[in-house]
Amino acid sequence: MQKGAINVSSFDSSLQKDSVSAAGSYSVNRAVSIGVVCIFSYFVSYYSRQLLGVSTPAMTESGLFTKDFLGLMSSVYMVCYAAGQLVNGIFGDILNPKKMVASGLFASGALCMLFPFLPFDWLRVICFGCLGFSLSMLRGPLVKIISENTSKNHSRVICTFFSCASFAGPFFAGFLSVLFDWKYTFFVAGCITLIIAVTALSVLTFFERKGYITYTTGKHQGVRGVLQVFRIEKFFFYMIIGAVVETSITAVAFWVPSYLVEQLGFSPEAAATVYAVIFFFKGMMPFVALALFRALKENDIFLMRVSFSLSVLFYVGVILVSHPWVNVLLLALALMAVGCASSLLWSIYIPGLGKTGKVSSINGILDCTGYIVAALCNAVFGFVAEYLNWTGVVLLWGLIASFGVVATLFVKKKQVKQM
């Protein structure tokens with residue numbers, strides 16, 4: 001090559017490298033932008049649903065409510081949430097997911113603000129049922145937005161923070177209950193939800209206009225398109241796992257503050273603080289699960305088996321150890337172990353199915369199944385706590401985790417089959 005001549009091949013190679021680097025940077029920036037707005041939107045779902053649980057001790061002490069009635073409200077919420085997950089999950093693959101998310105946020109914020117001022121018990125029950133349906137409009141459409149507009153690795157990382165938000169929700173709800181009485185806890189939470197609703201709608205609309213997010217729809221597939229979800233490999237196994245983890249996350253978590261007060265002797269204020277701390281550490285489990293998932297070469301079934309087994313052992317310790325703080329530690333470890341298994345479902349399995357175009361339906365069906373079981377178990381927990389004893393309740397918690405262990409014994413390492 002003559003002196004001063006341009007090396008065209010080197011120049012082209014440099015341009016290609018710069019192009020790849022720029023594309024990678026754009027992909028990461030877009031994933032971060034989408035992830036942030038979706039995580040904060042989903043955070044609403046989990047602190048809203050835990051408001052009743054953290055407020056239960058104070059509400060029962062007021063003499064206005066019994067544990068049976070509060071358990072009924074929680075169960076109605078779960079049934080409506082489960083039905084809504086199925087309906088809204090399917091519609092999330094048909095309608096504009098941004099509009100569904102915005103509608104769910106606005107409705108849930110208004111209902112939380114309204115609840116403390118309702119004069120009749122039957123109105124409170126209806127309000128909580130509507131709250132459950134409103135919140136069911138969030139997860140499926142949000143996961144669809146994430147999985148269809150980011151790479152599989154990025155979507156899994158985002159959904160890891162998604163799961164973290166779901167566990168941080170109870171921590172935030174507990175924090176609010178420490179600052180305010182139960183009425184203002186609901187009212188302030190509703191105000192915060194409305195602020196997030198306005199922000200999320202504005203940002204998602206901006207992303208649509210800029211082309212950052214697009215959606216695939218299944219308007220013409222009908223029932224046949226929904227039924228295709230059940231053809232995914234090991235889908236029924238994950239339905240069982242969904243039932244186990246949702247019961248542990250929702251129904252068990254609901255009764256933890258009451259357990260701390262009535263069984264361990266904490267004051268309602270101290271119980272709310274302890275509850276918040278437990279779920280703060282539980283919020284770290286999605287990151288632990290993702291790291292272990294990669295370290296074990298994506299052997300999610302083995303990791304689930306170990307997680308559920310540890311949870312059972314810790315629940316046995318909760319029954320056997322009476323010292324309050326040791327008991328709390330064992331209870332926290334049991335919930336954290338289940339949290340690890342839960343993260344593998346919601347943060348690993350579902351986001352990995354983005355190419356199917358049916359993530360919202362998949363999420364809705366799994367969540368619906370889980371909440372139906374959780375609602376039934378929640379009513380049982382309330383009955384046992386009211387008329388028997390808390391040892392029996394904890395025994396049931398451990399039994400539920402043992403179902404997860406048994407389920408993992410009948411499957412091998414997951415290999416996702418795309419449709």
Side-chain angles (χ1 to χ4, degrees), residues 45-46 49-50 52-53 68 70-90 128-129 131-133 135-136 138-140 163 166-167 169-170 229-230 232 234-256 259 282 301 304-305 307-309 311-312 315 334-335 337-347 349-350 361-385 392-411:
S45 177
Y46 272 87
R49 74 182 62 183
Q50 298 299 335
L52 186 61
D68 266 355
L70 295 176
L72 172 64
M73 279 207 302
S74 179
S75 293
V76 168
Y77 162 86
M78 291 180 192
V79 170
C80 292
Y81 184 87
Q85 277 289 358
L86 182 60
V87 173
N88 293 320
I90 293 171
F128 249 74
L131 177 63
F133 189 85
L135 292 176
S136 72
L138 301 183
R139 184 178 176 94
S163 295
S166 73
F167 296 135
V229 169
F230 294 93
I232 298 175
K234 298 181 178 64
F235 186 78
F236 288 99
F237 163 73
Y238 280 97
M239 287 181 69
I240 297 173
I241 296 301
V244 172
V245 298
E246 283 297 349
T247 300
S248 297
I249 291 172
T250 305
V252 173
F254 174 80
W255 291 106
V256 166
Y259 171 80
K282 190 177 178 183
I301 304 302
M304 281 187 179
R305 188 178 305 146
S307 299
F308 284 128
S309 298
S311 183
V312 172
Y315 276 128
L335 293 170
V338 173
C340 181
S342 175
S343 301
L344 293 170
L345 171 63
W346 304 115
S347 302
Y349 175 69
I350 294 178
S361 297
I362 293 167
N363 184 92
I365 293 170
L366 291 176
D367 231 357
C368 174
T369 305
Y371 267 87
I372 288 174
V373 175
L376 295 173
C377 291
N378 191 68
V380 173
F381 296 159
F383 176 84
V384 174
V393 175
V394 177
L395 184 62
L396 290 175
W397 294 349
L399 184 62
I400 289 166
S402 70
F403 281 121
V405 179
V406 173
T408 62
L409 298 176
F410 293 93
V411 290

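Closest of all the heavy-atom pairs between G242 and L345 is CA-CD2, 3.6 Å. Counting all heavy atoms, side chain and backbone alike, L138 lies closest to S45 at CD1-CB, 3.9 Å. Here the shortest heavy-atom pairing between L86 and C368 reads CB-SG, 3.8 Å. The two residues M304 and F237 come nearest to each other via the heavy atoms SD-CZ, 4.1 Å.
Of the options I241, V312, V244, I240, a side chain to side chain contact (heavy atoms under 4.5 Å, CB included) to F403 is made by V244 and by none of the others.
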Can I get a per-line list of side-chain donor-acceptor pairs under 3.5 Å for residues 77-84, giving both atom names and the distance, sequence neighbours left out?
residue : atom : partner : partner atom : Å
Y77     : OH   : R49     : NE           : 3.4
Y81     : OH   : R49     : NH2          : 2.8
Y81     : OH   : Q85     : NE2          : 2.7

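K282 contributes atom NZ, which lies 5.0 Å from atom CG of L335 (distance to the nearest 0.5 angstrom). For the atom pair CH2 (W397) and CG (L395), the distance works out to 11.5 Å, reported to the nearest 0.5 Å.
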Original post:
Taking it one step at a time, do V384 and W255 satisfy side-chain contact (heavy atoms from CB on, under 4.5 Å)?
Top reply: CA-CA 11 Å; V384 174; W255 291 106; over 6 Å; no
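For the pair V406/F308, no side-chain contact is recorded, criterion being any heavy-atom separation below 4.5 Å from C-beta on. Looking at L396 and C377, their side chains never come closer than 4.5 Å, going by heavy atoms from C-beta outward. Side-chain contact between Y238 and T369 is absent, with no heavy-atom pair separated by less than 4.5 Å. No side-chain heavy atom of V393 sits less than 4.5 Å from a side-chain heavy atom of Y259.
Between the side chain of S136 and the backbone N or O of F133 there is at least one donor-acceptor pair closer than 3.5 Å. S402 places a side-chain N or O within donor-acceptor distance of the main-chain N or O of L399, the cut-off being under 3.5 Å. Using a distance-only test at 3.5 Å, with no hydrogens or angles considered, a donor-acceptor pair links the side chain of S309 to the main chain of R305. Looking at T247, its side chain does come within 3.5 Å of a backbone N or O of A243 through a donor-acceptor pair. Here the side chain of S74 pairs no donor or acceptor atom with the backbone of L70 at under 3.5 angstrom.
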